[in-house]
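In each ligand, atom 1 is the first atom listed, and ligand 1 is the first ligand listed.
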Amino acid sequence: MFPRLGVNIDHVATLRQARGEEYPSVVDAANVVLNSGADQITIHLREDRRHIQDTDVETIRLVTKKFGRPLNLEMGSAQQIIDVAIATAPDWICLVPENRQELTTEGGLNLNDGNVFDKVQDTFKKLKAGIPQVKISLFLEADANVISKACQIAPDAVEIHTGTYTRLFQNGDNYGHHIDRFHDAVKKLRGHSIACHAGHGITAENIIPLLESKLFEEYNIGHWIICQALYEGMGNVIKRFKEQFNKYPL
Ligand code: PXP
């Protein structure tokens with residue numbers, strides 16, 4: 001078994017929204033991504049609709065169905081977004097924190113905060129009731145208390161936020177303690193039969209220590225792939241990632 005590659009195509013929509021044109025097409029992007037061997041499409045329907053729009057969720061869903069591969073919808077807890085999720089019935093949902101002012105998702109859900117915990121648990125229950133077959137992951141920091149709280153909710157997976165690790169790596173700083181934290185978190189989660197995914201800030205370079213650690217079954221990668229696609233083409237970037245993944249059996 002090899003790690004799975006989920007490709008986040010939000011930033012194809014960011015380019016489109018920047019000019020209010022019909023292109024670049026997220027449907028074409030999803031087709032290229034899956035034709036090139038990616039295992040899943042990931043999109044984030046934000047409350048402010050800054051990139052992915054409601055109609056994109058529907059059209060991308062048709063592409064993932066055509067390929068028989070999962071759609072992973074990242075979302076916050078707003079009722080309107082829950083309604084879209086239930087209408088679209090993605091295979092996976094990743095619950096993330098959402099602030100309107102942030103540039104991107106800036107960290108995991110803070111389950112140490114009782115209000116956040118209650119909200120996430122409530123959303124989790126609504127989604128499981130509305131989409132019986134859906135699998136749900138929680139986007140979390142590898143913090144021991146947060147991971148313990150997550151086990152109480154019993155999601156299908158936890159996606160570990162790798163943003164701080166990737167920043168240290170890019171700056172050439174020591175990141176070893178983050179890998180240790182990932183090990184501890186994954187050990188605890190596996191003990192509760194919760195799958196372990198990773199995402200945020202990942203590049204072809206900084207993923208190597210993660211692949212070597214063999215901790216994560218799935219990686220969701222967006223910004224770097226879309227940026228690198230400018231030079232290499234999206235299909236080539238994805239094929240290169242998949243070749244790299246296939247060197248690190250789990
Ligand atoms: N996983 C989650 C839960 C995210 O919120 C994001 C960013 O939207 C990603 C993965 C992808 O991060 P990046 O675009 O930095 O690769």
Side-chain angles (χ1 to χ4, degrees), residues 3-15 17 26 29-30 33 38-52 56-57 60 70-78 81 85 90-111 116 120 123-124 127 135-142 146 150 155-170 182 185 195-208 210-211 216-230 234 237-238 240-241 244-245:
R4 295 187 303 275
L5 172 64
V7 178
N8 181 316
I9 59 171
D10 290 349
H11 295 307
V12 175
T14 304
L15 269 182
Q17 298 305 110
V26 289
V33 164
D39 299 288
Q40 150 174 295
I41 297 288
T42 295
I43 49 174
H44 185 172
L45 182 66
R46 296 185 66 102
E47 267 186 80
D48 62 12
R49 308 298 200 275
R50 68 173 71 159
H51 37 57
I52 294 293
D56 295 330
V57 183
I60 293 167
L71 173 66
N72 175 32
L73 179 66
E74 298 172 356
M75 56 178 276
S77 285
I81 306 287
D91 306 277
W92 276 87
I93 288 175
C94 180
L95 293 179
V96 302
E98 211 178 280
N99 300 313
R100 280 177 187 253
Q101 303 307 323
E102 67 192 359
L103 283 177
T104 177
T105 314
E106 290 167 355
L109 294 159
N110 180 13
L111 298 181
V116 174
V120 169
T123 306
F124 181 86
L127 290 167
K135 292 192 172 179
I136 300 183
S137 65
L138 305 180
F139 191 43
L140 303 177
E141 302 295 328
V146 169
D156 300 284
V158 162
E159 181 168 325
I160 297 287
H161 178 261
T162 48
T164 313
Y165 155 77
T166 58
R167 173 72 54 217
L168 291 173
F169 185 105
Q170 297 309 123
F182 296 160
C196 302
H197 304 167
H200 214 277
I202 293 176
T203 69
E205 268 197 357
N206 67 33
I207 200 171
I208 292 171
L210 301 177
L211 288 170
F216 302 110
E217 295 157 36
E218 177 182 304
Y219 295 91
N220 285 296
I221 311 175
H223 190 252
W224 193 82
I225 287 182
I226 306 302
C227 293
Q228 192 63 16
L230 293 172
M234 191 136 64
V237 185
I238 288 160
R240 203 149 60 80
F241 262 113
Q244 199 180 21
F245 280 25

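The backbone N or O of Glu47 sits less than 3.5 Å from a side-chain atom of Glu98, completing a donor-acceptor pair.
Side-chain contact of His200 with Glu159: a donor-acceptor pair under 3.5 Å is absent, judged by distance alone. Between the side chains of Asn8 and Thr42, no donor-acceptor pair is found at a separation under 3.5 Å. In the model, Glu218 has a side-chain atom that pairs as donor or acceptor with a side-chain atom of Asn220 under 3.5 Å. Counting only N and O atoms by type, the side chains of His161 and Glu141 include a donor and acceptor under 3.5 Å apart.
Near Val96, with a cut-off below 4.0 Å to any heavy atom, the atoms of ligand 1 are 3 (C). Atoms of ligand 1 lying under 4.0 Å from at least one heavy atom of Glu159, given by number and element, are 1 (N), 2 (C), 3 (C), 10 (C). Atoms of ligand 1 found under 4.0 Å from any heavy atom of Glu74 (numbered from 1 in listed order, with element): 1 (N), 2 (C), 3 (C), 4 (C), 5 (O), 6 (C), 8 (O), 9 (C), 10 (C). Close approach to His223 involves these atoms of ligand 1, each under 4.0 Å from a residue heavy atom: 13 (P), 14 (O), 16 (O). Near Ile221, meaning under 4.0 Å from any of its heavy atoms, are these atoms of ligand 1: 16 (O). Within ligand 1, counting atoms from 1 as listed, the ones closer than 4.0 Å to a heavy atom of Asn8 are 8 (O).
Screening Leu45, Leu95, Ile52 for a side-chain contact (heavy atoms from CB on, under 4.5 Å) involving Leu73 leaves a single residue, Leu45.
On a distance-only criterion, Gly201 and ligand 1 share at least one N/O pair closer than 3.5 Å. Ligand 1 has no N or O atom lying under 3.5 Å from any N or O atom of Ile202, backbone or side chain. Residue Asn220 has no nitrogen or oxygen atom sitting less than 3.5 Å from a nitrogen or oxygen atom of ligand 1, judged on distance alone.
Residue contacts with ligand 1 do not include Trp224, since none of its heavy atoms lies under 4.0 Å from the ligand.
Atom CD of Gln170 has more than 12 neighbouring heavy atoms from other residues, nucleotides or ligands inside a 6.0 Å radius.
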